[in-house]
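Predicted model only: the values in this text are computed from it and were never measured.
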Amino acid sequence: MSVDVVPVVPLSSSHFSTSAVISSLLSSFSSAFASRPSFVSVAPGRVNLIGEHIDYCGYAVLPMALDQSILIACRATDTGMLRLSNTDPAYRAFTTSTSEVHISRDKPEWFNYFLCGFKGVSDHLFLSPSVGLDVVVSGTLPPSAGLSSSSALVCCAAVTTMFAHKACLSQVQLADICATCERFVGTQGGGMDQAISFTAQRGMAKLIEFNPLRVFDVRLPDGAAFVISHSGVEMNKAATADFNTRVVECRLAAQLLAKAQGLDWRGVRRLVDVQQALGLSLADMVQLCPNVLRPEPYSKQDVCRLLEIEPDELASTSLSANTLHVGEFQLLSRALHVYSEADRVQQFHRLCQSSSDEQILVQLGTLMNESHASCRDLYECSCDQLDRLTDMCRASGALGSRLTGAGWGGCAVSLVPASRLDEFLCAVKDKLYAGDTRREAQLFATRPAAGASILLVDDDEKGQHAV
C-alpha cells in the first residue's frame with residue numbers, strides 16, 4: 001500500500017461547497033469566535049460489512065466509509081488555549097489549556113474524544129503548547145449508533161491538530177495514533193474505525209489487516225445495495241464495561257489456549273497469536289477450542305488456577321482498569337465467535353473477487369446472517385431490538401442483515417439486491433418508522449465514501465500543504 005497523506009482541497013471546489021451543514025458550521029464558528037475558521041476537517045463514519053469484534057483480536061475486517069461524517073472548523077491561535085464548541089446545543093462548550101489536557105474515563109463527554117485526538121498527535125509530534133485552537137464541531141453521524149461517530153471525532157481532532165500545527169503525518173500514521181489515543185477514554189478497540197476513516201476511497205470497501213496495518217481495495221458486487229437502519233437503541237461503548245469485558249474475555253481465552261498447548265502464554269495478547277504460533281487454520285481453531293475451553297463461565301479464581309498465577313498478576317497481565325470488577329468470564333463462546341467470524345471475512349472477500357451474479361449475493365447474505373447469529377448467540381452483543389430489526393429486514397427482502405459496530409444497540413446493515421432497493425426501503429419504513437420523519441432519516445442506502453480530508457476555507461490559503 002502506498003504511503004498517502006490526507007488530501008487538502010479548497011472548500012469552494014469540493015463537493016461540500018454547497019453543503020448546508022458546512023454553511024451552518026461556518027456561521028456557528030463566526031458566532032462563537034467572531035472570526036472565520038482557516039479550514040474544516042472532515043472524517044467519515046463507517047459501516048462494517050462483516051468482521052465484528054475481531055480487529056482487537058488481530059483479524060482482518062471489511063468495512064466501508066460513509067458519507068455521514070464529523071466536521072471540525074478550526075483556526076489556530078497564539079493563546080495556548082483549546083476553546084471547543086459544538087453546533088448541537090445538547091453538548092456544552094469546553095475550554096482548557098493545551099498544557100493541561102485531562103481526559104475523563106468516567107462517562108466521557110463529547111469533548112473528551114476531541115482531547116484524545118489532540119493529545120495523541122501532540123504527544124507523538126511533541127507540539128508546542130503555545131499554539132491554541134478555536135474549534136467548532138458538527139456532524140451528520142448519529143451518536144451511539146454503531147457507525148463510529150466517536151472514533152470519527154477522534155480522527156477528525158487528530159487531523160485538525162496536525163494541520164493547525166503545519167505538521168506532516170501519513171494516513172497510516174494517523175490511523176495508528178488514533179487507534180492508540182482513543183484508549184485515553186478507556187475504550188480498548190482494535191483499529192478498524194480509525195483505519196477506514198483515514199484510508200477509505202470513494203467507490204471501494206476495504207479489507208483491513210493489522211500488525212502491521214495493511215489496507216486492500218474491495219470492489220463490492222454491482223448488483224448489491226447496502227442499507228443502514230437504526231434499532232432505536234443508543235449504545236456508547238465507552239460508557240459501560242461491556243465492550244472492554246469482551247476484549248478481556250478474548251485475551252483470557254487466548255492465554256488459556258496458549259497455556260494448554262504449551263506456549264508461553266504471557267506473551268499472548270490476542271487469539272490470532274495462538275493460531276499463528278500453532279500454525280493451524282481458522283477451522284482447526286474452531287475445532288480446538290471446545291477441547292480446551294469449557295462452555296461454563298470462568299471465575300477469576302478459575303483463571304488464576306489454570307494459569308498458575310496470583311490475582312495480582314492476573315490484574316496486571318490480562319485485565320484492564322475498567323474490568324477489574326468483573327467476576328466471571330465467558331471464554332469458549334467468545335473464542336468460537338472470533339475464529340468463525342474471521343473465517344467469514346475471508347469468505348466474504350473471496351466472493352467479492354468473483355462474479356456479481358445473484359447467487360454470489362445470496363452467499364454474501366448468508367455470511368452476514370451467520371455473522372449476526374454469532375454476535376447474538378456466542379458474543380452476546382446484540383439486543384432484542386436489533387434482533388427484531390434484522391428479522392424485519394430479511395422479511396422485507398434483504399438477503400442478509402446483521403448488527404454493525406459494537407452492538408448492544410445502534411444500527412444494522414442489510415444486503416439488498418439493487419433491483420429491489422426501493423421496494424425494500426418502503427417496506428421497512430412502513431413497518432419500522434410508521435411516518436416518524438426523524439426515524440426515517442435513520443434508514444438509508446449507502447455506497448463506499450472517501451476518507452478524511454481538509455477543506456481550506458479562504459482562497460488566500462490555497463496551495464499545497466504537506467500533511
Side-chain angles (χ1 to χ4, degrees), residues 50-61 188 190 209-211 242-311 313-320 323 326-350 366-382 402 407:
I50 198 160
E52 220 60 74
H53 285 282
I54 64 173
D55 56 340
Y56 53 77
C57 295
Y59 286 106
V61 293
Q188 303 291 312
E209 297 179 350
F210 303 95
N211 303 110
D242 291 331
F243 183 90
N244 287 331
T245 298
R246 295 301 185 276
V247 177
V248 166
E249 287 173 327
C250 290
R251 186 178 303 147
L252 292 174
Q255 290 172 339
L256 288 185
L257 285 167
K259 181 77 161 58
Q261 299 302 303
L263 303 175
D264 176 13
W265 68 266
R266 287 182 175 85
V268 169
R269 304 291 291 174
R270 306 166 305 162
L271 285 163
V272 73
D273 300 333
V274 183
Q275 184 201 355
Q276 290 176 347
L278 296 177
L280 298 177
S281 68
L282 288 167
D284 290 335
M285 293 305 300
V286 170
Q287 294 298 315
L288 174 65
C289 285
N291 296 327
V292 176
L293 302 172
R294 71 190 191 206
E296 297 79 19
Y298 289 75
S299 67
K300 288 181 181 177
Q301 293 76 15
D302 292 332
V303 175
C304 288
R305 174 176 52 81
L306 292 167
L307 294 178
E308 300 178 286
I309 58 173
E310 296 298 320
E313 185 176 357
L314 178 68
S316 63
T317 60
S318 305
L319 305 183
S320 58
T323 58
V326 179
E328 287 189 336
F329 304 94
Q330 289 282 359
L331 304 188
L332 174 59
S333 60
R334 310 310 187 224
L336 288 174
H337 166 76
V338 170
Y339 288 130
S340 62
E341 184 79 347
D343 186 57
R344 282 187 286 272
V345 171
Q346 293 183 2
Q347 294 181 59
F348 196 99
H349 183 220
R350 286 195 297 269
T366 298
L367 290 171
M368 293 175 67
N369 292 333
E370 291 173 354
S371 173
H372 183 80
S374 184
C375 287
R376 179 192 65 216
D377 301 333
L378 296 178
Y379 222 70
E380 297 179 282
C381 62
S382 187
R402 58 177 296 276

### Query
Would Val338 and His53 satisfy side-chain contact (heavy atoms from CB on, under 4.5 Å), going step by step from the backbone distance to the final call?
CA-CA 7 Å; Val338 170; His53 285 282; 5.8 Å; no

So does [Y] get a backbone contact from the side chain of [X], meaning a donor-acceptor N/O pair under 3.5 Å?
X	Y	value
His337	Glu52	yes
Thr317	Glu313	yes
Arg376	Ser382	no

### Task
Could you check Cys250 against Tyr56 for side-chain contact (heavy atoms from CB on, under 4.5 Å), going step by step and ending with a plain yes or no?
CA-CA 9 Å; Cys250 290; Tyr56 53 77; 4.3 Å; yes

With sequence neighbours excluded, tell me which residues meet side-chain contact (heavy atoms from CB on, under 4.5 Å) with [X].
X	result
Asp284	Leu280, Ser281
Glu370	Arg344, Thr366, Leu367
Ala335	Ala253, Leu271, Cys289, Leu293, Tyr339
Glu380	Arg246, Gln330, Arg334

For [X], check side-chain hydrogen bond (donor to acceptor under 3.5 Å, both in side chains) against everything at least two apart and list the hits.
X	value
Gln276	none
Ser333	none
Ser371	Glu341, Arg402
Arg270	Asn211, Asp273

Would you say that [X] contacts [Y] through its side chain, given a criterion of any heavy-atom pair below 4.5 Å between the two side chains?
X	Y	result
Val286	Leu336	yes
Ser320	Val248	yes
Leu314	Leu319	yes

### Query
Step by step, would you call Asp55 with Phe210 a side-chain contact (heavy atoms from CB on, under 4.5 Å)?
CA-CA 7 Å; Asp55 56 340; Phe210 303 95; 3.5 Å; yes

### Query
Quick one: CE on Met285 to OG on Ser340, what's the gap to the nearest 0.5 Å?
12.0 Å

### Message
Rounded at 0.5 Å granularity, tell me how far CG in Leu256 sits from CD in Gln261.
### Response
11.5 Å

### Query
After noting the C-alpha distance and the side-chain angles of Leu278 and Leu257, does the key distance pass the side-chain contact (heavy atoms from CB on, under 4.5 Å) rule?
CA-CA 10 Å; Leu278 296 177; Leu257 285 167; over 6 Å; no

### Query
Who pairs with Tyr59 by ring-ring contact (aromatic ring centres under 6.0 Å, His included), at least two apart in sequence or on another chain?
none

### Message
Which residues pass the ring-ring contact (aromatic ring centres under 6.0 Å, His included) test with Phe329, not counting sequence neighbours?
### Response
none

### Message
Please enumerate all residues that pass salt bridge (charged side-chain N to carboxylate O under 4.0 Å, His left out) together with Glu308, with sequence neighbours excluded.
### Response
Lys259

### Message
Once salt bridge (Lys or Arg N to Asp or Glu O under 4.0 Å) is applied, what residue pairs with a partner in residues 288-300 remain, sequence neighbours excluded?
### Response
Arg294-Asp302

